[in-house]
Amino acid sequence: RILKIMKKKINKERMLESMRWCHEIGITSKANIIFGYPEENKRDVLKTYKFIVQMAMAGIDDLLVTTLSAYPGSQIFEQLQQEGKVNFDENYFLNLSSQGSLNISPCYSNHYSRMEQHLFKIGGFAVFYVSSLIIRPKRLCALMLDLLKGRGRTRLSMGLLNLIRRWGKIFFTNDKQNYLEPKRLL
């Protein structure tokens, strides 16, 4: 339903088939999911979660879950501007720059709140990574290897590495002998 509203001419079954083929022959594939269209409701979100699981089963390697970005000149931007939901100011551009992050983004849905949208976004990541790691346990080994080597090949490994680095700056300090020593917090 939402794909039609977005005017996306996508056949989900053919897309899943392409994802399976990519996985079978070793081509890395990724997908993007967008939440927050004005007409989108909670039932649509649940259908999207189902599709996320189907993509994980098909073998995609990574997923970006983001919220609607209404760009000037697009039909959705014009619609939202007419409805008074978009203010073309500094905050508009700041919000655009954080779309791929876990920050709370503006919500344009007429059926759920900004906080619910944020939870749907986090839920989309969780549904994908939990499904993917259960269906393909080798990915858990690859994730651990990424973390040990300090490289981020997926959004999950990049996010975890960033979290580890931030926590490391808070709780640990590098001394001259090149090992981590706990900081005194008092």
Side-chain angles (χ1 to χ4, degrees), residues 1-13 15-16 19 29-58 60-135 139 143 152 154-167 170:
R1 185 176 86 89
I2 298 302
L3 289 172
K4 287 180 185 175
I5 292 167
M6 294 170 69
K7 298 182 180 171
K8 296 285 184 184
K9 297 176 182 177
I10 294 172
N11 179 316
K12 291 193 293 186
E13 287 307 314
M15 181 185 289
L16 290 169
M19 291 173 179
S29 60
K30 300 180 181 190
N32 298 320
I33 295 292
I34 300 171
F35 287 123
Y37 259 76
E39 299 85 356
E40 185 176 50
N41 59 42
K42 293 173 186 173
R43 178 171 282 148
D44 295 316
V45 171
L46 291 175
K47 288 178 183 177
T48 300
Y49 284 171
K50 179 182 175 188
F51 187 63
I52 288 172
V53 171
Q54 290 172 322
M55 289 190 295
M57 290 172 66
I60 66 165
D61 296 283
D62 208 0
L63 180 76
L64 172 64
V65 182
T66 189
T67 56
L68 175 63
S69 298
Y71 289 98
S74 67
Q75 187 175 358
I76 191 68
F77 179 85
E78 302 301 325
Q79 175 189 333
L80 293 171
Q81 197 170 38
Q82 286 175 1
E83 294 172 2
K85 293 182 179 179
V86 173
N87 296 320
F88 203 59
D89 58 11
E90 185 177 340
N91 283 333
Y92 167 81
F93 291 102
L94 290 172
N95 287 327
L96 284 179
S97 69
S98 69
Q99 288 301 314
S101 72
L102 289 179
N103 294 343
I104 298 175
S105 304
C107 181
Y108 303 114
S109 174
N110 297 322
H111 303 283
Y112 51 78
S113 71
R114 187 175 182 198
M115 186 53 76
E116 287 173 312
Q117 175 181 265
H118 186 65
L119 293 174
F120 297 154
K121 183 177 177 179
I122 292 169
F125 281 117
V127 165
F128 174 72
Y129 287 113
V130 168
S131 300
S132 182
L133 295 173
I134 289 171
I135 294 164
R139 290 189 179 177
L143 173 63
T154 64
R155 291 202 153 274
L156 180 60
S157 59
M158 286 187 287
L160 290 173
L161 285 169
N162 285 334
L163 197 58
I164 290 166
R165 288 181 191 119
R166 286 182 192 148
W167 284 351
I170 294 171

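Here CZ of R114 is found 7.5 Å from OG of S105. Values are rounded to the nearest 0.5 Å. In this structure, the separation between CG on L63 and CZ on R155 is 9.0 Å, given to the nearest 0.5 Å. Here CG of L133 is found 8.5 Å from CZ of F128. Values are rounded to the nearest 0.5 Å. Atoms OG1 and CD1, on T48 and I33 in that order, are 6.0 Å from each other to the nearest 0.5 Å. To the nearest 0.5 Å, atom CD1 of residue I52 and atom CD of residue Q54 are 10.5 Å apart. Going from atom CG of L46 over to atom NZ of K50 covers 11.0 Å, rounded to the nearest 0.5 Å.
Residue R139 comes nearest to S132 through the heavy atom pair NH1-OG, 2.8 Å, listed as atom of the first residue, atom of the second, then distance. Contact record, Y49 with F120: OH-O, 2.8 Å, taken as the closest heavy-atom pair. What you find for F35 and V45 is that their closest heavy atoms are CE2-CG1, 3.9 Å. Contact record, L80 with P38: CD2-CG, 3.8 Å, taken as the closest heavy-atom pair. Between I104 and M115, the shortest heavy-atom distance links the atoms CD1-CE, 3.6 Å. Across all non-hydrogen atoms, the minimal contact from E40 to I34 is OE2-O, 4.2 Å.
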Would you check, one step at a time, whether the test side-chain contact (heavy atoms from CB on, under 4.5 Å) holds for N162 with W167?
CA-CA 9 Å; N162 285 334; W167 284 351; over 6 Å; no

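The salt bridge (charged side-chain N to carboxylate O under 4.0 Å, His left out) check on E116 picks up K42, with sequence neighbours excluded. For M57, the side chain to side chain contact (heavy atoms under 4.5 Å, CB included) partners are V53, I135, not counting sequence neighbours. N11 meets the side chain to side chain contact (heavy atoms under 4.5 Å, CB included) test with E13, R14; sequence neighbours excluded. Annotation: side-chain hydrogen bond (donor to acceptor under 3.5 Å, both in side chains) contacts of Y37 (sequence neighbours excluded): none. Listed by chain and residue number, S157 satisfy the side-chain hydrogen bond (donor to acceptor under 3.5 Å, both in side chains) test with T154 (two or more places apart in sequence, or in another chain). Taking M15 as the reference, I10, M19, F51 meet the side chain to side chain contact (heavy atoms under 4.5 Å, CB included) condition, with sequence neighbours excluded. With sequence neighbours left out, the side chain to side chain contact (heavy atoms under 4.5 Å, CB included) criterion links L160 to L143, L147, L156. Applying the side-chain hydrogen bond (donor to acceptor under 3.5 Å, both in side chains) rule to Q75 yields the partners K7; only residues at least two apart in sequence or on another chain are considered. Residues passing the side-chain hydrogen bond (donor to acceptor under 3.5 Å, both in side chains) test with N110, sequence neighbours excluded: K85. For D44, the salt bridge (charged side-chain N to carboxylate O under 4.0 Å, His left out) criterion is met by R1, not counting sequence neighbours. Applying the ring pair (Phe, Tyr, Trp, His ring centres under 6.0 Å) test to Y108 and every residue at least two apart in sequence or in another chain returns nothing. Judged as a salt bridge (charged side-chain N to carboxylate O under 4.0 Å, His left out), and not counting sequence neighbours, K47 has no contacts.
N32 places none of its side-chain heavy atoms less than 4.5 Å from the side chain of T66. Between V86 and P72, the closest side-chain pair of non-hydrogen atoms is not below 4.5 Å. Side chains of M55 and L16 form a contact here, defined as non-hydrogen atoms less than 4.5 Å apart. With a 4.5 Å cut-off on side-chain heavy atoms, T67 and H118 do not count as touching.
Under a 3.5 Å cut-off, the side chain of S131 and the backbone N or O of V127 do form a donor-acceptor pair. A donor-acceptor pair under 3.5 Å links the side-chain atoms of Q117 to the main chain of P106, judged by distance alone. Checking side-chain atoms of N41 against main-chain N and O of H111 turns up no donor-acceptor pair under 3.5 Å.
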